[in-house]
Amino acid sequence: MKTYYQMIQSIRGYNPAKRGFTSDAEFEMIEKHFSLSKMTLLELMNLRDMVVLVYGGWLDDATDDFKKQWALMDAMQSITSVIDRFKYKAKAEA
């Protein structure tokens, strides 16, 4: 088992193929990578918070490289949107 940080670190090179859009294949890859369907609402909330914190740090490190910043923001948006769909589903089932 990996920590949330380790899981995020191992997906660091991910970037959605289309800006502002997460394809079905990308959605499935993110879901499987983090095992989102097995997480509770609290685990999903904690993971989402950790994604934002980690990517925020990476963004701070890329202050002079706007292209890298956009790629990091696109990846963070894609990952958090997938997590949010699972959060919504978990709230609906509660």
Side-chain angles (χ1 to χ4, degrees):
M1 180 172 205
K2 293 182 179 181
T3 66
Y4 292 154
Y5 179 78
Q6 291 169 327
M7 287 189 283
I8 297 163
Q9 184 71 22
S10 67
I11 201 171
R12 185 173 186 165
Y14 165 70
N15 202 351
K18 185 174 181 183
R19 189 148 200 261
F21 180 78
T22 304
S23 70
D24 289 342
E26 291 165 338
F27 183 96
E28 186 176 321
M29 181 277 299
I30 293 167
E31 188 283 321
K32 285 183 181 179
H33 180 79
F34 291 107
S35 299
L36 297 176
S37 61
K38 297 177 183 177
M39 289 187 178
T40 65
L41 178 57
L42 180 59
E43 290 169 326
L44 292 164
M45 292 167 62
N46 287 335
L47 175 61
R48 188 187 194 287
D49 289 347
M50 182 62 79
V51 167
V52 172
L53 285 171
V54 170
Y55 273 86
W58 292 341
L59 283 164
D60 287 344
D61 293 342
T63 54
D64 296 332
D65 188 343
F66 291 116
K67 188 174 182 179
K68 187 174 181 180
Q69 284 181 326
W70 279 111
L72 287 166
M73 287 189 287
D74 288 343
M76 181 175 67
Q77 177 273 327
S78 178
I79 294 167
T80 57
S81 70
V82 174
I83 294 169
D84 286 345
R85 282 193 59 193
F86 280 88
K87 283 177 50 184
Y88 179 79
K89 182 180 177 185
K91 286 180 185 177
E93 292 174 353

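The shown structure was predicted, so the numbers you read here are calculated from the model rather than taken from an experiment. Positions are given from 1 along the sequence.
The two residues Gln6 and Thr3 make their nearest non-hydrogen contact at OE1-N, 2.8 Å. Scanning all heavy atoms of the two residues, the minimum distance from Ala62 to Gln69 falls at O-CG, 3.3 Å.
Atom CG of residue Asn15 and atom NZ of residue Lys68 lie 12.0 Å apart, to the nearest 0.5 angstrom. In this structure, OG1 on Thr22 lies 5.5 Å from CD on Gln77, to the nearest 0.5 angstrom. Distance check, rounded to the nearest 0.5 Å: CG of Leu44 to CZ of Phe86 gives 8.0 Å. Considering CG of Asp84 and NZ of Lys91, their distance stands at 8.5 Å, rounded to 0.5 Å. For the atom pair NZ (Lys38) and CD (Glu43), the distance works out to 11.5 Å, reported to the nearest 0.5 Å. Atom OH of Tyr55 and atom CG of Asp74 lie 10.5 Å apart (nearest 0.5 Å).
Transitive grouping of hydrophobic side chains (ILVMFWY, heavy atoms separated by less than 4.5 Å) keeps Leu53 and Ile11 in distinct clusters.
Considering only residues two or more places apart in sequence or on other chains, Lys32 meets the salt bridge (charged side-chain N to carboxylate O under 4.0 Å, His left out) condition with Glu28. Phe21 meets the side-chain contact (heavy atoms from CB on, under 4.5 Å) test with Lys18, Ser23; sequence neighbours excluded.
Around atom CG of Asp24, no more than 12 heavy atoms belonging to other residues, nucleotides or ligands sit under 6.0 Å away.
There is a side-chain donor-acceptor pair under 3.5 Å between Ser78 and Tyr14.
The side-chain heavy atoms of Trp58 and Met76, taken from C-beta on, include no pair separated by under 4.5 Å. In this structure, Trp70 and Lys67 have side chains that are not in contact, with every pair of non-hydrogen atoms separated by 4.5 Å or more. Side-chain contact between Leu41 and Met45 is present, with heavy atoms from C-beta onward closer than 4.5 Å. Considering only heavy atoms from C-beta on, Phe34 comes within 4.5 Å of Ile79 through its side chain. Counting only heavy atoms from C-beta outward, the side chains of Val54 and Tyr4 never approach each other to under 4.5 Å. Using a 4.5 Å cut-off on side-chain heavy atoms (C-beta onward), Glu26 and Val82 make no contact. Looking at heavy atoms from C-beta onward, Ser35 lies out of side-chain contact with Met7 at the 4.5 angstrom threshold.
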Are Ser37 and Lys89 close enough, and set up right, to give a side chain to side chain contact (heavy atoms under 4.5 Å, CB included), and what steps lead you there? CA-CA 10 Å; Ser37 61; Lys89 182 180 177 185; over 6 Å; no
### Task
Show your working on side chain to side chain contact (heavy atoms under 4.5 Å, CB included) between Arg85 and Tyr88 and close with a plain yes or no.
CA-CA 5 Å; Arg85 282 193 59 193; Tyr88 179 79; 5.7 Å; no
